[in-house]
Amino acid sequence: MPAPHVSTIRVTPARMAAFRVLLAMERSSNTHSDDLLRAPAIESLTQADRNLTTALVMGVLRWQLALDIILARHLHRKSPLEDEVAIALRLGAWQLLGMDRIPAHAALAESVELTKVSGHPFASGMVNAVLRRVAENRSVLTLDPVRAHPAWMIERWNRQFGTDAGASIAAYDQRPPPVAMRLRVADGIDAESMQSGAFLTRARRLSDGSVARDGMRIQDEGSQLIAELAGGGVRILDCCAAPGGKTAILAEKNPQAEITACDISESRLNAMRRSFAREPLTSKIHCVLADATDLPFRDDFDLILCDAPCSGTGTLARNPEIKLRFVASDLQRQQQRQIEILRSAYRVLAPGGRLVYSTCSLEPEENRMVVAALLDSERTARLLDAGERLTAMLAEGSLHPHGAQLLRESALRDGYLQTLPGLLPCDGFFAAILTRS
């Protein structure tokens, strides 16, 4: 057991909190950055320390693969580093290369101290030497967005969307995503002074330093688009509803409809119930605990939203840990479950009704191939053209003209809709509109 370390250097609360969050994520694949950054230990920090903690955690997670490549050039050992040592190095390197306002001596000294206080004093000299070399070479070291992603992921995107689009997606993933808001009601809010959404008339974008106002909720514009795409119905089902943002839009667009929201997780369902209860338009939504692969309903829903669980590769700007954990071999397992969910949703769709299948994935195995499996197995299933729905949304006033043109040029392909981060200022979403003839 090493002797307790005594030092005159104090690790600041923000760096210590970031270190602990990153260590928890390194040790458990079930952890999520958003949850950990909202934990009581983080919430108890000052606002400035919370902001720095978030910047450190999200910066390291976004750039971890690229940081590790740079650090490896200056390491003279081949054996794996202890988790604590690796995280101290990444935190130091990120501050040196990606945070201009952090003094180099602070980044270096506190990373060395983190190594010591975490129980690895004998590695502190190595951490000091490596980070000094990084600091000395800052002028020639650059963080490459492409190298911050797994090579297999970039190769897939280049094949599917082209190299320019692949580079745009990678660059978008490395920046904090824009904060989009949803106007919960169409009028009664002074939103004219806010920046309009990229394509939806009831979307707004927050500038730096702005805060959400009453009558609005934070929701990515791509997520809003999927719910708008679903349109109207009388008896509506959202079969994978949590956290409920898309369900809320369905309620806002269809105030007289009977709406059922399902989720397999009781805790997520209860959180959704509490959220819905706060607003008159959503308070009547019926929440049901159910496995979407075996929905306990009759075939009488005229509108179904099936926003299936997926890899989330369209959301890497806000969920960077996905690219550190997800591997291509996981896609087959995901696809099988998604096919089961879509078939279950189709079974409860009324003849003539519409079913929107969506994901926040960029991978064809989770998107087109899932839809193709349904079309192959269900002779009454038919794919509708998403472009026609965009035309209807423009006529309804849901889209503004520039936004409709933007989506037509960049998000429509073969009747499907696919938003690509970087080409559009939103997460990557896929959507297919199906009907039962």
Taking the side chain from [X] and the backbone from [Y], do they hold a donor-acceptor pair closer than 3.5 Å?
{"X": "Ser168", "Y": "Leu423", "value": "no"}
{"X": "Asn128", "Y": "Val112", "value": "no"}
{"X": "Thr419", "Y": "Ala411", "value": "no"}
{"X": "Arg413", "Y": "Ser410", "value": "no"}
{"X": "Arg204", "Y": "Gln195", "value": "no"}
{"X": "Asp238", "Y": "Asp263", "value": "no"}
{"X": "Arg133", "Y": "His74", "value": "yes"}
{"X": "Ser28", "Y": "Ala24", "value": "no"}
{"X": "Thr293", "Y": "Glu340", "value": "no"}

Under 6.0 Å from the [atom1] atom of [X], do we count more than 12 heavy atoms belonging to anything else shown?
{"X": "Arg132", "atom1": "CZ", "result": "no"}
{"X": "Arg389", "atom1": "CZ", "result": "yes"}
{"X": "Asp35", "atom1": "CG", "result": "yes"}

Looking only at heavy atoms, which two atoms of Gln95 and Ala107 are closest? And how far apart?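 Minimum heavy-atom separation between Gln95 and Ala107: CB-CB, 3.6 Å.
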
After noting the C-alpha distance and the side-chain angles of His120 and Glu84, does the key distance pass the side-chain hydrogen bond (donor to acceptor under 3.5 Å, both in side chains) rule?
CA-CA 8 Å; His120 302 279; Glu84 296 89 346; 3.1 Å; yes

Could you pull out all donor-acceptor pairs under 3.5 Å where a side-chain atom in residues 282-289 meets a protein atom, sequence neighbours excluded?
from   : atom 1 : to     : atom 2 : distance (Å)
Thr282 : OG1    : Phe276 : O      : 2.7
Thr282 : OG1    : Glu279 : O      : 3.3
Ser283 : OG     : Pro280 : O      : 3.0

For the residue pair Lys246 and Ser358, confirm or rule out a side-chain donor-acceptor distance under 3.5 Å.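 There is no such pair (donor and acceptor under 3.5 Å, judged by atom type) between the side chains of Lys246 and Ser358.
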
*Any luck finding a side-chain donor-acceptor pair between Ser361 and Glu366 under 3.5 Å?*
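Glu366 and Ser361 do have a side-chain donor-acceptor pair below 3.5 Å.
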
Practice problem: Quick one: list whatever passes salt bridge (Lys or Arg N to Asp or Glu O under 4.0 Å) with Asp294, sequence neighbours left out. | Solution: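 With neighbours one apart ignored, the set is empty.
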
Side chain to side chain, Arg325 and Asp330, heavy atoms closer than 4.5 Å: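 Sidechains of Asp330 and Arg325: no contact.
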
Pairs meeting criterion salt bridge (charged side-chain N to carboxylate O under 4.0 Å, His left out) with involvement of residues 38-59, two or more places apart
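Non-adjacent pairs meeting salt bridge (charged side-chain N to carboxylate O under 4.0 Å, His left out): Asp34-Arg38.
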
Please name the residue in the list Val370, Ile433, Leu374, Ile304 that meets the side chain to side chain contact (heavy atoms under 4.5 Å, CB included) test with Tyr357.
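Among the candidates, only Val370 passes.
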
Identify which one of Lys323, Arg62, Arg318, His149 satisfies the side-chain hydrogen bond (donor to acceptor under 3.5 Å, both in side chains) criterion when paired with Asp173.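 Result for side-chain hydrogen bond (donor to acceptor under 3.5 Å, both in side chains) with Asp173: His149.
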
(message) Checking Phe326 now: which residues fulfil ring pair (Phe, Tyr, Trp, His ring centres under 6.0 Å) with it, not counting sequence neighbours?
(response)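 Partners of Phe326 by the ring pair (Phe, Tyr, Trp, His ring centres under 6.0 Å) criterion come out as none, since no residue qualifies.
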
### Task
With sequence neighbours left out, write down each residue that passes side-chain hydrogen bond (donor to acceptor under 3.5 Å, both in side chains) with Gln64, or none if nothing qualifies.
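side-chain hydrogen bond (donor to acceptor under 3.5 Å, both in side chains) check on Gln64 returns nothing, list empty.
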
Output all residues satisfying side-chain hydrogen bond (donor to acceptor under 3.5 Å, both in side chains) with Thr359, sequence neighbours left out; order by chain, then residue number.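 Partners of Thr359 under the side-chain hydrogen bond (donor to acceptor under 3.5 Å, both in side chains) test: Asn367.
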
Please determine if Asp68 and Arg90 form a salt bridge, counting it only when a charged side-chain N lies under 4.0 Å from a carboxylate O.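 Judged by the 4.0 Å cut-off on N to carboxylate O distance, Asp68 and Arg90 do form a salt bridge.
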
Query raised in the report: Between Arg273 and Glu266, is there a side-chain N and carboxylate O pair less than 4.0 Å apart?
Result: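 Glu266 and Arg273: not salt-bridged.
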
- Derivation of the side-chain hydrogen bond (donor to acceptor under 3.5 Å, both in side chains) call for Gln405 and Glu409: CA-CA 6 Å; Gln405 184 64 26; Glu409 291 174 352; 2.8 Å; yes

Which class fits the ring pair His402 and His400: parallel under 30°, tilted 30 to 60°, perpendicular over 60°?
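Taking His400 first and then His402, their aromatic rings lie parallel (interplane angle under 30°).
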
